[in-house]
*Asks:* 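The following block contains the structure, expressed as structure tokens.
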Amino acid sequence: MSDEIPPKGILKSEALRQYILETSAYPREHELLKELRKVTEEKFGNLIEMVIPVDEGIFLSMLLKIINAKNTLELGVFTGYSLLTTALALPEDGRITAIDIDKEAYEVGLEFMKKAGVDHKINFIYCDGLEVLDKLVKDKNQEFDFIFADADKPNYVNFLERFLKLVKVGGIIAFDNTLWFSFVVEEEDNVPEFMRESRAALIEFNKKLALDPRVEISQISVGDGLTLCRRLV
């Protein structure tokens, strides 16, 4: 099987996907987000599939405004499409702690964040995710309104334990890719080999979340699955 990342999305009708994008998403997409999407594809090719879809970005932007988020955490940045989306949605005094091990990709997006005048909201930490999360938990001086995770899928279960100590009660944790290109319902033999470990991890993670009394959850059928967790205790 090819090592190319499949197109993101769980809609089986390409015509319906295009209708959603062209009718509701593209007209509302910020111009700098459009430019960042284009530059990401030019520089990274098929890895553009690591970027959240436009309709998911618009959903996240509205969600951030609905919950009046001011202090957020993002784990997994790549070129920063979701990060720029968040920065544009937060108020002027909003703050984002962004963590990734790929500084080069982040710097591609940083140019657009500066153009948008929102780079002052962002504290980028170039480091392994679990290492930073453990430091934040230990410091006990951060409480986040919203956390977005789009990183190492086999570690989602470990991220969850840290996130629940960092997000406020009533705050939202959003885990991206929880339906994993629809592969969670495919036989393993039909899944590209390089995507099988994450598929298995996400299947177990979804089961765990469904039974976790510490959170209220909703799995949204946008992109290739976005699970929202509201901390209860």
Side-chain angles (χ1 to χ4, degrees), residues 1-66 74 76-89 105 108-109 112 146 148-151 153 156 172-196 198-203 205-206 209-210 217-229:
M1 288 187 177
S2 170
D3 284 349
E4 282 207 348
I5 302 175
K8 187 173 290 184
I10 57 176
L11 292 173
K12 295 305 181 183
S13 167
E14 177 61 21
L16 180 56
R17 189 180 78 88
Q18 286 300 320
Y19 175 83
I20 293 169
L21 291 173
E22 292 171 9
T23 303
S24 304
Y26 291 153
R28 294 281 182 167
E29 185 182 23
H30 193 284
E31 285 302 316
L32 287 171
L33 286 169
K34 289 180 182 178
E35 290 181 31
L36 176 54
R37 196 158 45 85
K38 180 181 178 182
V39 168
T40 298
E41 185 166 18
E42 289 172 352
K43 185 172 179 62
F44 294 99
N46 176 248
L47 293 181
I48 184 67
E49 295 298 337
M50 292 172 60
V51 171
I52 63 169
V54 179
D55 53 337
E56 182 177 342
I58 289 172
F59 171 77
L60 288 174
S61 177
M62 181 178 286
L63 176 63
L64 288 162
K65 294 168 185 173
I66 289 171
E74 180 160 335
V77 174
F78 191 40
T79 59
Y81 188 95
S82 54
L83 181 58
L84 178 53
T85 296
T86 300
L88 289 167
V108 171
F112 296 90
F146 178 84
F148 181 69
D150 186 5
K153 314 310 172 191
Y156 269 17
I172 301 293
I173 306 166
F175 287 97
D176 201 24
N177 312 121
T178 50
L179 297 178
W180 200 232
F181 301 84
S182 300
F183 288 141
V184 291
V185 294
E186 295 283 347
E187 294 296 326
E188 187 176 87
D189 289 346
N190 296 328
V191 179
E193 190 170 344
F194 75 102
M195 302 184 82
R196 291 178 184 176
S198 291
R199 168 190 173 273
L202 287 167
I203 288 172
F205 178 69
N206 289 337
L209 268 187
I217 71 167
S218 177
Q219 192 165 60
I220 311 297
S221 301
V222 64
D224 62 336
L226 177 71
T227 301
L228 302 182
C229 308

*Asks:* Looking at every heavy atom in both Leu226 and Thr178, which two are closest together, and how far apart are they?
*Replies:*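 Nearest heavy atoms, Leu226 then Thr178: N-OG1, 3.7 Å.
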*Asks:* Listing request: all side-chain hydrogen bond (donor to acceptor under 3.5 Å, both in side chains) pairs with a residue in residues 77-88, at least two apart in sequence or in separate chains.
*Replies:*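 Counting only pairs at least two positions apart or across chains, the side-chain hydrogen bond (donor to acceptor under 3.5 Å, both in side chains) contacts touching residues 77-88 are Glu29-Tyr81, Thr40-Thr79, Glu74-Ser82.
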*Asks:* Going by ring pair (Phe, Tyr, Trp, His ring centres under 6.0 Å), name the residues that satisfy it together with Phe44, two or more places apart in sequence or in a different chain.
*Replies:*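 With neighbours one apart ignored, the set is Phe78.
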*Asks:* Which pairs count as salt bridge (charged side-chain N to carboxylate O under 4.0 Å, His left out) when at least one residue sits in residues 44-63, sequence neighbours excluded?
*Replies:*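 Residue pairs with at least one partner in residues 44-63: there are none.
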*Asks:* If I compare all heavy atoms of Lys153 with all of Ala201, which pair ends up nearest, and what's the gap?
*Replies:*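 Nearest pair, atom of Lys153 first, then Ala201: O-CB, 4.1 Å.
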*Asks:* Suppose we screen for salt bridge (charged side-chain N to carboxylate O under 4.0 Å, His left out). Which residues come up paired with Lys34, at least two apart in sequence or across chains?
*Replies:*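 Glu31.
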*Asks:* Kindly give the heavy-atom pair with the smallest separation between Gly223 and Pro53, and that separation in Å.
*Replies:*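 Heavy atoms of Gly223 and Pro53 come nearest at CA-CG, 3.6 Å.
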*Asks:* If you define the side chain from C-beta out and look only at heavy atoms, does anything of Leu179 sit under 4.5 Å from Gln219?
*Replies:*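 Leu179 vs Gln219: side chains touch.
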*Asks:* Does any N or O in the side chain of Arg199 come within less than 3.5 Å of the main-chain N or O of Trp180, such that one atom is a donor and the other an acceptor?
*Replies:*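 Side chain of Arg199 to backbone of Trp180, a donor-acceptor pair under 3.5 Å: no, none is there.
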*Asks:* State, yes or no, whether a side-chain contact exists between Met195 and Pro6 at a heavy-atom distance under 4.5 Å.
*Replies:*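 Yes; the side chains approach each other to less than 4.5 Å.
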*Asks:* What are the two closest non-hydrogen atoms of Asp150 and Asn177, and how far apart are they?
*Replies:*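 Taking Asp150 first and Asn177 second, the nearest heavy atoms are OD1-OD1, 2.7 Å.
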*Asks:* Check side chain to side chain contact (heavy atoms under 4.5 Å, CB included) between Ser182 and all other residues, then give those that pass, not counting sequence neighbours.
*Replies:*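 Scan of Ser182 (side chain to side chain contact (heavy atoms under 4.5 Å, CB included), adjacent residues dropped) gives Ile10, Lys12.
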*Asks:* With respect to Leu33, which candidate in Ile58, Val54, Leu88 satisfies the side-chain contact (heavy atoms from CB on, under 4.5 Å) definition?
*Replies:*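 Of the listed options, the one satisfying the test is Leu88.
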*Asks:* Using a 4.5 Å cut-off on heavy atoms from C-beta on, say whether the side chain of Leu60 contacts that of Phe146.
*Replies:*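 Yes, side chains in contact.
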*Asks:* Starting at CD1 of Ile66, measure out to OG of Ser61 and round the result to the nearest 0.5 Å.
*Replies:*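 Answer rounded to 0.5 Å: 9.5 Å.
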*Asks:* Restricting to side-chain hydrogen bond (donor to acceptor under 3.5 Å, both in side chains), what partner residues turn up for Asp176, sequence neighbours left out?
*Replies:*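 Asp176: no side-chain hydrogen bond (donor to acceptor under 3.5 Å, both in side chains) contacts found.
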*Asks:* Could you tell me the separation between the CZ atom of Phe148 and the CD1 atom of Ile52, rounded to the nearest 0.5 Å?
*Replies:*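 Atom-to-atom, Phe148:CZ and Ile52:CD1 are 5.0 Å apart.
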*Asks:* Going by the rule side chain to side chain contact (heavy atoms under 4.5 Å, CB included), which residues pair with Ser218 if we only count those two or more places apart in sequence or in a different chain?
*Replies:*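 If we apply the side chain to side chain contact (heavy atoms under 4.5 Å, CB included) test to Ser218, skipping adjacent residues, the hits are Ile220.
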*Asks:* Do the side chains of Ser198 and Phe183 get nearer than 4.5 Å, heavy atoms only?
*Replies:*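 Answer no - side chains too far apart.
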*Asks:* Who passes side chain to side chain contact (heavy atoms under 4.5 Å, CB included) against Leu32, sequence neighbours left out?
*Replies:*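 With neighbours one apart ignored, the set is His30, Glu35, Leu84, Phe112, Lys115, Ala116.
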*Asks:* Does Lys43 have any side-chain hydrogen bond (donor to acceptor under 3.5 Å, both in side chains) partners at least two apart in sequence or in another chain, and if so, which?
*Replies:*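 Partners of Lys43 by the side-chain hydrogen bond (donor to acceptor under 3.5 Å, both in side chains) criterion come out as none, since no residue qualifies.
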*Asks:* Could you list the donor-acceptor pairs under 3.5 angstrom formed between side-chain atoms of residues 18-26 and any protein atom two or more places apart in sequence or on another chain?
*Replies:*
unit_1	atom_1	unit_2	atom_2	d
Gln18	NE2	Glu14	OE2	3.1
Thr23	OG1	Tyr19	O	2.8

*Asks:* Which heavy-atom pair separates Gly109 from Leu36 by the least distance, and what is that distance?
*Replies:*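 Reported closest heavy-atom pair: CA-CD1, 3.8 Å.
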*Asks:* Restricting to side chain to side chain contact (heavy atoms under 4.5 Å, CB included), what partner residues turn up for Lys38, sequence neighbours left out?
*Replies:*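 Checked Lys38 against side chain to side chain contact (heavy atoms under 4.5 Å, CB included); matches are Glu42.
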*Asks:* Quick one: closest heavy-atom pair of Asn46 and Ile5, and the distance?
*Replies:*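 For Asn46 versus Ile5, the nearest heavy atoms are OD1-N, 2.6 Å.
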*Asks:* What residues, two or more places apart in sequence or in another chain, satisfy ring pair (Phe, Tyr, Trp, His ring centres under 6.0 Å) together with Tyr156?
*Replies:*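 Partners of Tyr156 by the ring pair (Phe, Tyr, Trp, His ring centres under 6.0 Å) criterion, ordered by chain and then number, come out as Phe175, Phe205.
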